[in-house]
Amino acid sequence: MLVVVAIIHLLPLSGVLGGERLAALYGLPFNDPNLAILMRHRAVLFGLLGLFLLFAAYRPQYQAIAFIAGFVSVVSFLWLAWSVGGYNTQVARVFMADIVALACLIIGFLAYLYVQQHKS
């Protein structure tokens, strides 16, 4: 499940390539250099989180913190999008991807807890 969540978090990494890629991802113009810088930096941070989630998928000692980081990322975006509303089609696509990520995190975390309880 962490691998699926990692892939979802790695997808926005392509936004680091510039405003055109950001526009394709989010359906908004990124002509303002300040906004482009902030969003490209956001893409880098998502890439870092995605790489950590992928790393943790194969390193059990990091999985608890990976689940926490994943939940914070996904739930914060879902809450912000839901509370603000009025988002476009591309952001709705991100919202749905985060719903999938949340389901994966819940399933993965429950499996993680099950394994932790049944370790010999």
Side-chain angles (χ1 to χ4, degrees):
M1 294 290 102
L2 281 174
V3 171
V4 173
V5 179
I7 291 167
I8 290 170
H9 278 81
L10 287 169
L11 291 173
L13 182 58
S14 65
V16 78
L17 298 175
E20 297 81 23
R21 187 64 199 132
L22 287 168
L25 285 168
Y26 302 111
L28 301 167
F30 291 93
N31 301 328
D32 179 9
N34 300 297
L35 184 57
I37 290 166
L38 292 170
M39 291 299 289
R40 290 173 78 184
H41 183 254
R42 177 184 183 274
V44 170
L45 294 176
F46 270 107
L48 287 172
L49 179 56
L51 288 174
F52 175 67
L53 293 168
L54 189 60
F55 174 77
Y58 301 99
R59 302 277 198 247
Q61 66 269 31
Y62 297 106
Q63 289 175 358
I65 192 70
F67 280 112
I68 292 168
F71 276 116
V72 169
S73 174
V74 169
V75 171
S76 65
F77 176 79
L78 291 172
W79 179 78
L80 287 167
W82 175 80
S83 65
V84 172
Y87 41 82
N88 66 19
T89 304
Q90 286 88 339
V91 175
R93 188 175 58 210
V94 174
F95 187 89
M96 291 309 300
D98 273 14
I99 292 288
V100 171
L102 180 60
C104 289
L105 285 166
I106 291 168
I107 293 166
F109 187 66
L110 291 174
Y112 171 81
L113 290 176
Y114 179 82
V115 168
Q116 295 306 309
Q117 289 180 344
H118 292 87
K119 277 188 173 180
S120 301

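Values below: every heavy atom of this structure, side chains too, minus hydrogens, waters and symmetry copies. Just so we're clear, the structure is a prediction, and the values are computed from it rather than from any experiment.
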If Ile, Leu, Val, Met, Phe, Trp and Tyr residues are connected whenever their side-chain heavy atoms lie under 4.5 Å apart, and connections chain through other members, are [X] and [Y] in the same group?
X     : Y      : answer
Val94 : Leu49  : yes
Leu22 : Leu35  : yes
Phe71 : Met1   : no
Leu53 : Val115 : no
Met96 : Leu11  : no

Would you give me the side-chain donor-acceptor pairs under 3.5 Å for residues 74-89, sequence neighbours excluded?
| residue | atom | partner | partner atom | Å |
| --- | --- | --- | --- | --- |
| Ser76 | OG | Val72 | O | 2.7 |
| Ser76 | OG | Ser73 | O | 3.0 |
| Ser83 | OG | Trp79 | O | 3.0 |
| Ser83 | OG | Leu80 | O | 3.1 |
| Asn88 | OD1 | Gln90 | N | 3.2 |
| Asn88 | OD1 | Val91 | N | 2.8 |
| Asn88 | ND2 | Tyr26 | O | 2.8 |
| Asn88 | ND2 | Gly27 | O | 3.4 |

For the [atom1] atom of [X] and the [atom2] atom of [Y], what is their distance to the nearest 0.5 Å?
X      : Y      : atom1 : atom2 : answer
Phe109 : Gln116 : CZ    : CD    : 9.5 Å
Lys119 : Tyr114 : NZ    : OH    : 14.0 Å
Asp32  : Phe30  : CG    : CZ    : 10.5 Å
Ile99  : Cys104 : CD1   : SG    : 11.5 Å
Leu54  : Arg59  : CG    : CZ    : 11.0 Å

Give every residue pair that meets the ring pair (Phe, Tyr, Trp, His ring centres under 6.0 Å) criterion with at least one member in residues 1-21, sequence neighbours excluded.
His9-Phe46
Taking all atoms of both residues into account, what is the closest heavy-atom pair of Gly15 and Ala43, and its distance?
C-CB, 4.0 Å
Closest heavy-atom contact between Ala6 and Gly50?
CB-O, 3.3 Å
Going by side-chain contact (heavy atoms from CB on, under 4.5 Å), name the residues that satisfy it together with Leu25, two or more places apart in sequence or in a different chain.
Ser14, Arg21
So, applying side chain to side chain contact (heavy atoms under 4.5 Å, CB included) with Leu2, which one of Tyr58, Phe67, Tyr112, Tyr62 is it?
Phe67
Heavy-atom count around Arg42 CZ within 6.0 Å, excluding the residue itself: above 12?
yes
